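In what follows, a structure is listed as structure tokens, so that the remarks can point back to it.
What you see is a predicted model, and the numbers here were worked out from it, not measured in a lab.
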Amino acid sequence: MASSTFSVTGANIFASKPFGLEDTSRGRDTLPYKKNGLVPTFRTKHDLIATNVATRPPISIPFPVIKHEEGRKLAAWTSIKQERWEGELVVEGEIPKWLNGTYLRNGPGLWHIGDYNFRHLFDGYATLVRLNFDNGRLIAGHRQIESEAYKAAKTNNKLCYREFSETPKPDNFLSYVGELASLLSGASLTDNANTGVVHLADGRVVCLTETIKGSLVVDPDTLDTIGKFEYTDSWSGLIHSAHPIVTDTEFITLLPDLIKPGYVVVRMDPGTNERKVIGRVDCRGGPSPGWVHSFPVTEHYIIVPEMPLRYCAQNLLRAEPTPLYKFQWHPESKGFMHVMCKASGKIVASVEVPLFVTFHFINAYEEKDEDGRVVAVIADCCEHVADTTILDKLRLEHLRTFTGEDVLPDARVGRFRIPLDGSPFGELITALDPNQHGKGMDMCSINRAYLGKKYRYAYACGAERPCNFPNTLTKVDLFRGTAKNWYDQGAVPSEPFFVARPGATDEDDGVVISMISDKNGEGYALVLDGSSFEEIARAKFPYGLPYGLHGCWVPKK
């Protein structure tokens, strides 16, 4: 049974335009301590000391019967068995009548072509799932996103484009040379938009991944793939942040430059496809930019992280993946955080920080003194304690063969404090005791009204140990330093997505939506109360959905 417990303790790949734990290799002396309930990463004589910063059942498209032996598998890591489906779900409990709109969730859902099985979670072909909430009713559906990579694989019954860890197998040496040439031109990179989905201010819905060509427009009602999102500017780089910042007034993203290591920060106005340059950040360390899967913003600033887990062109050219795939760990290059003014594009702070590894930033805000002057920027993320092994732990082989041993790398809410007084160093602390959420932390969301502002609550996936993957939903209270956790034994929940109640004044007044890949090949949609974090409704799917990544909310028209 699901349970809820409350814890109260403590230009091609190379752009044609410019666009932690202690680091033992540097001989730091670790002096662990705890202050005001916040646990710092480390404390040394070389770095600044971390401080407190503080219904109707008809189904319109039948789903195939799942064989008994297949049905016993955990649905999370099993390929979707049908290209599309739609139907109304029977709701247990009560969905609030005010919850009217569509939740879309994107993610890899097909991990094989013919008899060939993909190796990594991030390789799967994109499956877009839809939950349409309408006056207490729930109509669900899914559809494969029709990228060129997916259509070519279906037609040829083999891999045709380079995915996260997969490379098409050349027939001979000449075809290998040709494949390398197409990689350098970008032609062989995937457009498999399997990472996120965003609702633009002009109403368009775009599915995204880290290749720019993997920006695909979809219809949120039918889930049809409409076509490529064609950028109309002259920027010719091929990679960008998988998670842009999207608001009612702007679209901001980062374009890594592998030739002259750095990032170009660009924005796009609603209703346009043209990216305009805000400014550029030059990397301060390493042979290439750090991986920038996501980044945060405040009301006036854009924060550009420079992680020591850096892009590696050599690894990208390999036919077989390395343990770090297209990246390489460079602890000697250090980690940095840069702050850019949104209005001017000028860099107002560039500080060294402890080594860190993060996929997802949670939020950021401006810290002010008693006179109202901004003195620092606070940026929170799901930080993997500078442990790069998390990437390899996401291989499907690991995820499908859990033996009961606790193998999930630890994670925490990592909080950066970036001073704006010209100081060369920033701070990185643990914002609350990681035991509150089982030392697991990823796939986060907040009340979007608090984007870039001081906030209290975050919703994420945590851990009930032992496990090999985040298996709980957790509501983090950053003011009290506590977390409340939801757990259903044997199930794997996807990203908890917060939807605020219209007219709400409290930050956590709303609901949290997640899709659960259950044991025995089953699955269900889950709705939790955003304040109490108690389950208020669930609706079982007629089949088990694979694990998904990120979602967005499309309000009812």
Side-chain angles (χ1 to χ4, degrees), residues 1-10 34-41 50 52-54 296 358-365 378-385 387 390 406 408-416 428-448 450 454-489 491-500 506-514 516 526-536:
M1 293 292 293
S3 64
S4 182
T5 57
F6 187 53
S7 182
V8 295
T9 58
K34 187 172 182 179
K35 181 178 180 181
N36 296 331
L38 299 179
V39 184
T41 309
N52 181 3
V53 211
T358 184
F359 300 163
H360 301 115
F361 278 85
I362 303 172
N363 197 21
Y365 60 90
I378 307 300
D380 294 341
C381 68
C382 302
E383 204 276 308
H384 296 278
V385 204
D387 183 356
I390 182 61
D406 192 25
L408 177 68
D410 289 351
R412 58 175 177 163
V413 179
R415 170 163 290 183
F416 294 96
L428 173 59
I429 64 171
T430 300
L432 77 162
D433 183 353
N435 289 303
Q436 291 281 327
H437 48 80
K439 298 181 181 178
M441 176 59 52
D442 216 333
M443 311 303 289
C444 49
S445 75
I446 62 168
N447 184 331
R448 297 291 290 178
Y450 289 78
K454 192 168 185 178
Y455 71 115
R456 177 174 180 174
Y457 300 110
Y459 303 90
C461 291
E464 177 75 17
R465 305 283 180 160
C467 60
N468 67 340
F469 193 80
N471 57 1
T472 72
L473 299 173
T474 184
K475 177 187 178 181
V476 169
D477 185 335
L478 292 165
F479 285 9
R480 294 183 60 188
T482 58
K484 191 171 186 180
N485 302 296
W486 176 96
Y487 173 64
D488 189 352
Q489 186 175 9
V492 177
S494 65
E495 175 188 65
F497 191 89
F498 180 85
V499 180
D506 292 336
E507 183 180 344
D508 60 350
D509 186 355
V511 299
V512 173
I513 302 168
S514 180
I516 312 299
L526 177 72
V527 182
L528 303 176
D529 181 270
S531 178
S532 68
F533 215 55
E534 298 289 342
E535 178 176 337
I536 57 176

### Task
Kindly give the heavy-atom pair with the smallest separation between Glu507 and Phe498, and that separation in Å.
O-CZ, 3.5 Å
### Task
Starting at CD1 of Ile513, measure out to CG of Leu526 and round the result to the nearest 0.5 Å.
9.5 Å
### Message
Using every non-hydrogen atom in the two residues, find where Lys454 and Tyr365 come nearest and quote the distance to one decimal.
### Response
N-CB, 3.3 Å
### Message
Within this structure, what is the CG-CZ distance for the pair Asp406 and Arg465, rounded to the nearest 0.5 Å?
### Response
4.5 Å
### Message
Donor-acceptor check, side chain of Thr472 to backbone of Tyr487, threshold 3.5 angstrom: yes or no?
### Response
no
### Minimum heavy-atom distance Val512-Pro496, with the two atoms named
CG1-CB, 3.4 Å
### Message
Please give me the minimum heavy-atom distance between Tyr457 and Ile446, naming the atom from each residue.
### Response
O-CG2, 3.8 Å
### Message
Using 0.5 Å steps for rounding, measure from the OG atom of Ser514 to the OH atom of Tyr459.
### Response
13.5 Å
### Task
Count the heavy atoms of every other residue, nucleotide or ligand shown that sit under 6.0 Å from CZ of Arg448, and state whether that count exceeds 12.
no
### Message
Check this for me: does any side-chain nitrogen of one of Lys484 and Glu534 sit under 4.0 Å from a carboxylate oxygen of the other?
### Response
yes
### Task
Kindly determine whether Asp442 and His360 satisfy side chain to side chain donor-acceptor pair (under 3.5 Å), including the steps that lead there.
CA-CA 7 Å; Asp442 216 333; His360 301 115; 2.6 Å; yes
### Query
Does Ile362 reach the side chain of Cys382, with side-chain heavy atoms less than 4.5 Å apart?
yes
